[in-house]
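Structure first, commentary second.
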Amino acid sequence: MNSEDTYHSVQERYGGVAKQAGPDNQRAYERKVATAFGYDLEELRSIPDNANLGVSCGNPLATANLGNGETVVDLGSGGGIDVLLAAKKVGPEGKAIGIDMTKDMLELARRNAKNAGASNATFIEAFITSIPMPSSTVDCIISNCVVNLVPEAEKPLVFHEMFRLLKPGGRVAISDILAKRELPMEIKTDLSLYVGCIAGASQVSDYERYLKEAGFQDALILDTNSDLNIYKEMWQSEKVNESGPTSSCCDTTRSRPAGEMKMADVDFNLWTGSFKIFAIKPDTHA
């Protein structure tokens with residue numbers, strides 16, 4: 001499958017997630033996923049429920065250390081959960097900017113920002129490999145379970161864009177699913193596992209190389225040891241309708257072509273993990 005087909009499949013998948021965002025009183029599944037990956041329940045209650053779509057694999061804001069007046073960019077902002085929480089942390093003098101390539105997600109995020117009264121939150125339609133923003137204008141870049149969705153050949157472009165956008169001394173704080181070992185071909189070629197954030201996971205060594213080649217220093221990549229099988233457990237325990245919850249990042253329960261693997265056949269924790277990634281753009285004046 002070429003890059004264009006991959007992007008189309010990802011857009012179709014997450015556009016569907018945005019359209020399925022249900023009423024506030026039906027968001028228990030998404031809250032459980034978010035809190036399992038480090039979000040505070042009180043923080044989640046401070047933003048519109050539909051901003052949290054249950055597609056997180058970590059909480060990048062926990063390591064971003066955002067300060068008042070800073071500019072933060074979220075790569076793959078989805079329903080806006082991290083942008084809206086970041087907007088509170090940087091205050092009215094700061095800016096929280098979300099980048100997403102899926103129109104339905106952008107529409108949902110903009111509605112959520114309006115409902116939250118987040119006047120310092122904005123959203124831009126773009127691929128995270130080419131972002132229409134000036135260089136050296138951002139203090140911090142965050143991302144949550146999105147870089148793994150970029151086709152492998154284009155992943156280095158994402159890190160070069162991060163480096164370009166950041167001011168000297170700026171930082172990257174990412175949560176992403178990375179591979180713990182070489183993925184077998186039956187996983188790599190499974191489309192449902194690709195849009196579910198598993199099949200496109202990079203090796204830790206690849207992530208280190210991407211960061212180094214882009215110019216970052218002091219990179220730190222840590223396995224959070226979170227249980228990725230929570231997505232399956234939630235589906236089994238919360239059958240909210242005939243097809244079960246469908247918004248999980250790693251939800252692969254939807255119908256699939258004959259020959260593709262079933263979610264129950266794959267132990268996510270065996271092959272992949274939720275990692276925290278932190279890196280700094282060198283300060284040229286230091």
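Throughout, residue positions are numbered sequentially from 1 according to the sequence presented.
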Taking [X] for the side chain and [Y] for the main chain, is one N or O donor matched with an acceptor at less than 3.5 Å?
| X | Y | answer |
| --- | --- | --- |
| Asp283 | Pro168 | no |
| Asn52 | Glu30 | yes |
| Asn148 | Leu178 | no |
| Glu70 | Lys95 | no |
| Arg209 | Pro156 | no |
| Arg171 | Phe278 | no |
| Thr35 | Lys32 | yes |
| Thr63 | Ala173 | no |

Identify the two heavy atoms, one from Met133 and one from Ile99, that lie closest to each other, and give their separation to 0.1 Å.
SD-CD1, 4.4 Å

Non-hydrogen atoms of Val33 and Ser56 that approach each other most closely
CG1-O, 4.1 Å

Nearest 0.5 Å please: distance from the [atom1] atom of [X] over to the [atom2] atom of [Y].
| X | Y | atom1 | atom2 | value |
| --- | --- | --- | --- | --- |
| Asp74 | Ile142 | CG | CD1 | 4.0 Å |
| Lys281 | Asp139 | NZ | CG | 11.5 Å |
| Ser135 | Leu166 | OG | CG | 10.5 Å |
| Asn144 | Ile177 | CG | CD1 | 9.5 Å |
| Leu75 | Asp82 | CG | CG | 11.0 Å |

Of all pairs that satisfy ring pair (Phe, Tyr, Trp, His ring centres under 6.0 Å), the ones with a partner from residues 160-187, not counting sequence neighbours
Phe163-Phe216

With ring pair (Phe, Tyr, Trp, His ring centres under 6.0 Å) as the rule and sequence neighbours excluded, what pairs involving residues 30-77 come up?
Phe37-Tyr231

Pairing of Arg164 and Glu161 as salt bridge, 4.0 angstrom limit:
yes

Please tell me if the side chains of Ile47 and Ile81 come closer than 4.5 Å, counting only heavy atoms from C-beta onward.
yes

How about Asn112 and Asn50: does a side-chain donor come under 3.5 Å of a side-chain acceptor?
no

Decide whether Asp267 and Asn229 meet the rule of one side-chain donor and one side-chain acceptor closer than 3.5 Å.
yes

Sorted by chain and number, sequence neighbours left out, side-chain hydrogen bond (donor to acceptor under 3.5 Å, both in side chains) with Lys180 holds for none

